[in-house]
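Quick notes on the structure that follows.
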Amino acid sequence: MAIETYYPFQQSEPRWQRAWSEAGIFRANGDGTRPKSYILEQFPYPSGKLHMGHVRVYTIGDAMARFRRMQGFDVLHPMGFDAFGLPAENAAIKHDTQPGAWTERCIDMMREQLVRLGMSYDWAREVVTCRDDYYRWNQWIFIKLWEQGLVERRKAAVNWCPRCETVLANEQVINGRCWRHEDTDVDVRQLDQWFLKITEYADELLRDLDDKLAEWPNLVSAQQRNWIGRSEGALVKFKVKETGEELPIFTTRPDTLFGVTFMVMAPEHPKVQEWIKGQPNEPAVRAFINKIVHEGRERRTDEAAEKEGIALGLSAINPVDGREVPIWLANFVLMEYGTGAIMAVPAHDQRDFEFARKFEIPVRVVIQPEGVELSANEMTAAYTEAGVMTNSAQFDGMQSERAKGAIVEWLTGLKQGEPTVQYRLRDWLISRQRFWGTPIPFVYCDECGLVPVALDELPVRLPENARFGQGGNPLAGVDEWVNLKCSKCGGPARRETDTMDTFFDSSWYYLRYCDPKNTDLPFGAEAQTWMPVDLYIGGKEHAILHLLYSRFFTKALRDLGLIKLDEPFSRLLTQGMVLAEGTDPRSGERRFFKMSKSIGNVVDPGEIIEEYGADAARMFILFAAPPEKDLEWSPSGVEGISRFINRLWRYVQNNLTALRAGLAEGGAMTPAELTRQDDRDLLRQAHETTRRVTNDLGERAQFNTAISACMELLNALYAWPDRPEDPLARRLAAFATARLALLLSPFAPHLAEEIWHQLGAEGLAAAQAWPQFDPEALKVETVEIALQVSGKVRGHMSVGIDEDEDAIKQRALADEKVVAFTEGKTVRKVIYVRHKLVNIVA
RNA sequence: GCGGACGUGGCGGAAUUGGCAGACGCGCUGGACUUAGGAUCCAGUUCCGAAAGGAGUGGGGGUUCGAGUCCCCCCGUCCGCACCA
């Protein structure tokens with residue numbers, strides 16, 4: 001009689017969470033007696049509440065960490081909180097409190113939720129970036145980078161978000177809008193700001209994508225490559241005829257130099273202001289510049305935007321042939337790329353072509369494609385491909401690809417140019433005009449200028465009495481904090497009130513986990529033992545931002561002598577989003593969307609844990625899709641997993657006496673001890689499942705197939721005839737059940753413990769060695785093979801495992817189904833694939 | 001335009017090295033048990049066909065004894081970058 005029971009997760013889950021914590025089995029050791037494995041998930045912003053995306057990334061990481069730990073690795077699996085940032089400051093304004101208090105409350109709530117999910121973290125290593133035992137090291141690193149020449153304060157055109165009331169890094173501007181405010185255009189302002197010179201590492205950051213990060217997803221490497229944007233070309237020195245000054249340009253097409261018919265400068269180019277002063281066209285040019293600059297970068301860099309320009313009334317001399325060409329200003333030339341000025345070759349560049357046609361500037365063909373005669377007057381588009389050089393003096397007749405090098409070499413000899421490499425990557429603007437971040441540890445002294453705070457005076461703590469909601473940066477309003485005496489001269493000085501971008505905090509936190517209590521250094525030799533992170537798991541949205549900054553930090557810290565390491569994350573897994581069904585507010589269409597309040601399709605992990613338990617939530621998320629793909633949340637899918645859990649639970653309850661006895665009697669067995677075929681099949685399947693789950697959790701990281709293998713084993717247990725009175729069958733059932741518990745423990749750790757315990761097994765399941773499969777038990781005597789006639793399956797046949805190939809072929813040819821399809825035909829060929837099939841070609 | 005990912009039943013997804021397409025789960029259909037069933041257990045479920053059989057992995061071609069998988073062309077979806085000289 002079947003007992004109707006359900007797995008009592010409400011009682012079970014807290015019990016095992018307590019047991020794990022008391023046993024301390026998730027502590028990372030680091031004594032070098034076992035191989036290390038560093039498994040890390042991107043730490044959360046402490047909003048106070050986990051969302052499904054968090055559950056997904058942390059479940060994936062936890063399954064991996066538990067698996068590696070059971071495999072005998074010394075696993076470092078830490079957790080912390082990326083706790084500085086705007087939401088805390090906004091909460092402080094709204095609730096008239098301090099951001100620190102609000103943040104700490106949120107951290108406590110999130111930590112509790114993570115514990116309730118059964119995550120196996122080494123909580124003793126928790127890192128919280130808004131505490132001064134962490135951010136003092138931000139300040140320490142900042143000063144070290146400054147000493148190294150990698151920090152610079154300078155005036156520059158920067159992006160300003162009026163909603164955030166702060167500047168942003170280039171990486172935080174998306175289509176001209178703020179990354180946090182999709183509806184807010186950023187302004188460009190000229191401000192004095194702090195920069196980290198990431199561009200000094202552009203080449204290494206690019207190179208190592210290929211050399212050292214071959215295992216990263218192509219998507220991420222490609223996006224970083226694109227963002228760094230290396231182009232090879234030449235710097236060519238044009239000369240302004242009227243002033244005699246040099247006007248250098250960057251080009252990737254030196255082969256088109258003889259086709260230059262005009263030059264274009266960016267409207268903001270500083271030289272323009274000098275050159276037009278007092279000229280008759282000054283008012284017109286100024287009006288043009290104002291118009292373009294006020295248009296904003298968003299409109300201006302839109303490819304569809306109409307080309308606009310004005311002639312400067314000056315001319316430039318082309319160094320290759322001494323020709324004079326007019327200099328223009330145009331909206332499509334940007335100050336921040338190259339030299340802010342370009343040579344224009346309308347015949348061979350589409351932008352230049354459109355501009356030339358609009359303003360009736362001559363077109364000069366210097367590259368001819370094979371077989372076609374280009375005519376400057378009749379062209380309707382630029383010819384941008386390679387071809388044969390023409391109208392190019394001594395280079396005529398040369399292939400244009402070869403001419404690129406030849407022309408640059410010739411110009412270099414004449415000191416009129418040189419080969420050069422340009423990057424799209426800009427320096428990282430790191431300062432923010434906000435309160436809730438690491439104070440930049442510098443002081444402005446009237447006498448001594450810019451002075452770094454002495455290292456032994458760190459941390460520069462945030463004041464606890466700042467007032468919020470007054471507009472501007474609250475730090476600037478705390479007079480007793482801002483004003484101090486200069487440490488050098490004792491005169492009056494003011495603190496820098498800018499704080500650091502929170503991406504600074506997250507660029508090295510993975511190093512702090514290695515040595516979280518260090519009071520002398522941000523991290524010591526411990527980091528060398530644990531690094532690099534063996535598996536890093538996080539979202540694709542950080543493909544450029546966080547992942548590029550962290551790579552840069554690792555290289556910079558290496559060059560400061562803090563660690564011997566080139567790349568922080570050996571392997572990267574970018575997990576997909578969690579989607580749920582919702583109704584499109586515009587079209588009314590029902591489909592899957594990213595969970596959002598506005599669509600109303602948010603599923604709260606707290607409620608799911610409440611209703612189905614942490615293990616069901618974990619297993620569903622791992623089962624529903626491979627980790628890197630988007631996952632469609634399905635209520636009936638969660639039911640399905642819950643059904644599986646209860647089905648396993650019920651199996652154990654219904655057979656508990658026999659299973660306990662079977663385990664006490666020895667459990668494991670060899671195939672030789674079993675005589676019944678169904679027993680041997682079940683034993684084989686238990687080992688086969690072990691093999692598959694081990695393989696899936698290893699290199700493949702395919703949790704969905706691992707879980708389906710476990711489901712198959714349970715199905716097999718149900719199909720297998722229980723014989724509680726047969727000692728051998730008892731042992732077999734106990735072995736298979738205990739094995740299933742261990743194989744499931746990375747996914748459903750509480751259920752695994754509960755079953756392990758019920759069976760009467762010793763110790764904690766999470767602390768057991770990962771099960772091995774017995775190759776002997778995997779062996780079979782016979783195997784089903786397919787019989788094909790001309791590639792189509794026509795039947796099946798059982799063959800002995802060592803049966804002779806010729807014998808198999810003979811039997812296959814005699815098979816009645818085969819005969820039916822080969823009758824009257826000539827058998828031309830018989831192909832045998834061992835243990836798979838026979839294909840008879842007729 | 002450049003770069004990346006992808007396209008398999010009603011749905012999520014399997015198919016690991018070129019070898020039996022559709023594992024596992026959802027949903028659906030039928031049955032058992034039952035006062036009841038939205039519980040549980042059992043069976044079935046790619047499509048067409050009564051069956052034999054045929055068709056089938058976005059479309060078209062190719063290589064091969066054999067292609068979801070490799071090659072070429074095309075179509076479509078999603079993501080990133082984009083007047084970058």
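Every chain is numbered from 1 and lettered A, B, ... according to where its sequence line falls, protein lines coming before strand lines.
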When both distances are under 3.5 Å in a Watson-Crick or G-U wobble arrangement, the nucleotide paired with B:rA50 is none
* **A:F821 six-ring centre to A:R794 NZ/CZ under 6.0 Å and within 45° of normal** => yes
| task | Could you give the distance separating B:rC78 and B:rU69 at their C1' atoms, to the nearest angstrom? | result | 22 Å
Less than 6.0 angstrom from the centroid, inside 45 degrees of the normal: does A:K307 satisfy that with respect to the ring of A:F355? no
Taking atom C1' in both B:rU63 and B:rC70, what distance in whole Å separates the two? 8 Å
Considering every strand and a 4.0 Å limit on heavy-atom distances, what is the contact class for A:N695: base, sugar-phosphate, or nothing?
base
RNA chain B nearest-nucleotide lookup for A:L219 and A:A625: closer to the 5′ end is A:L219
Notebook entry, point to check: How is A:P626 classified with respect to the nucleic acid when contacts are heavy atoms under 4.0 Å: base, sugar-phosphate, or nothing?
Noted result: sugar-phosphate
Answer for the Watson-Crick or wobble partner of B:rG1, both distances under 3.5 Å, is B:rC81
Closest to the 5' end of RNA chain B, once A:Y337 and A:Q223 are matched to their nearest nucleotides, is A:Q223
Exercise. Check every strand shown and say whether A:S231 touches a base, only sugar-phosphate, or nothing at a heavy-atom separation below 4.0 Å.
Key: sugar-phosphate
May I have the step-by-step check of side-chain contact (heavy atoms from CB on, under 4.5 Å) for A:I342 and A:M263, ending in yes or no? CA-CA 6 Å; A:I342 63 160; A:M263 287 191 72; over 6 Å; no
| What integer number of Å spans the C1' atoms of B:rU8 and B:rC47? | 14 Å
- [ ] Quote, to the nearest angstrom, the C1' distance that separates B:rG9 from B:rG25.
- [x] 14 Å
Gap in Å between the two P atoms, one belonging to B:rC11 and one to B:rU17, rounded = 27 Å
Atom CD of A:E688 and atom C1' of B:rU16 are separated, to the nearest Å, by 12 Å
If pairing means Watson-Crick or G-U wobble with both distances under 3.5 Å, then the partner of B:rC70 is B:rG62
For this session: Tell whether A:K629 reaches the base of B:rC6 with its side chain through a donor-acceptor pair below 3.5 angstrom.
Result: no
Partner of B:rC33 under the Watson-Crick or G-U wobble criteria, both distances under 3.5 Å, comes out as none
For residues 615-644 of chain A, the salt bridge (charged side-chain N to carboxylate O under 4.0 Å, His left out) pairs (sequence neighbours left out) are A:D62-A:R618
Nearest heavy-atom approach of A:K540 to A:T574 is CG-CB, 3.8 Å
Glycosidic torsion of B:rG9 (syn if within 90° of 0, anti otherwise) classifies it as syn
(Q) For the C1' atoms, the ones on B:rG44 and on B:rG22, what distance do you get once it is rounded to whole angstrom? (A) 16 Å
So CZ of A:R811 and CG of A:L787: to nearest 0.5 Å the spacing works out to 9.0 Å
Nucleotide by nucleotide, nucleotides 17-31 of chain B touches protein heavy atoms under 4.0 Å in the pattern (B base, S sugar-phosphate only, - none) --BB--BBSSS----
query = Say you pick atom C1' in B:rG13 and the same atom in B:rC71; how far apart are they, in whole Å?
reply = 28 Å
How far apart are the C-alpha atoms of A:V638 and A:W633, what are their side-chain angles, what is the distance that settles it, and do they pass the side-chain contact (heavy atoms from CB on, under 4.5 Å) test? CA-CA 8 Å; A:V638 185; A:W633 184 267; 3.5 Å; yes
As its Watson-Crick or G-U partner within any shown strand, both distances under 3.5 Å, B:rG76 has B:rC6
Task: Separation between the P atoms of B:rG7 and B:rG12, rounded to whole Å - done: 12 Å
From CG of A:L579 across to P of B:rC11 the rounded distance in Å is 17 Å
The Watson-Crick or G-U wobble partner of B:rC11, with both key distances under 3.5 Å, is B:rG25
Validation: residues 226-236 of chain A side-chain donor-acceptor distances under 3.5 Å, sequence neighbours left out:
| from | atom 1 | to | atom 2 | distance (Å) |
| --- | --- | --- | --- | --- |
| A:W227 | NE1 | A:E171 | OE2 | 2.9 |
| A:R230 | NH1 | A:E232 | OE2 | 2.8 |
| A:S231 | OG | A:Y337 | OH | 3.0 |

- request: Report the C-alpha separation of A:F238 and A:V320 in whole Å, then their side-chain angles, then the decisive distance to 0.1 Å, and conclude whether the side-chain contact (heavy atoms from CB on, under 4.5 Å) test is met.
  value: CA-CA 9 Å; A:F238 281 65; A:V320 299; over 6 Å; no
Mind checking if A:K540 touches a base, just sugar-phosphate, or nothing, with heavy atoms under 4.0 Å? nothing
Pairing partner of B:rA39, by Watson-Crick or G-U wobble and under 3.5 Å for both distances, is none
To the nearest angstrom, the CZ-P distance between A:R424 and B:rA82 comes to 5 Å
Contact class for A:R230 (heavy atom, under 4.0 Å): base, sugar-phosphate, or nothing? nothing
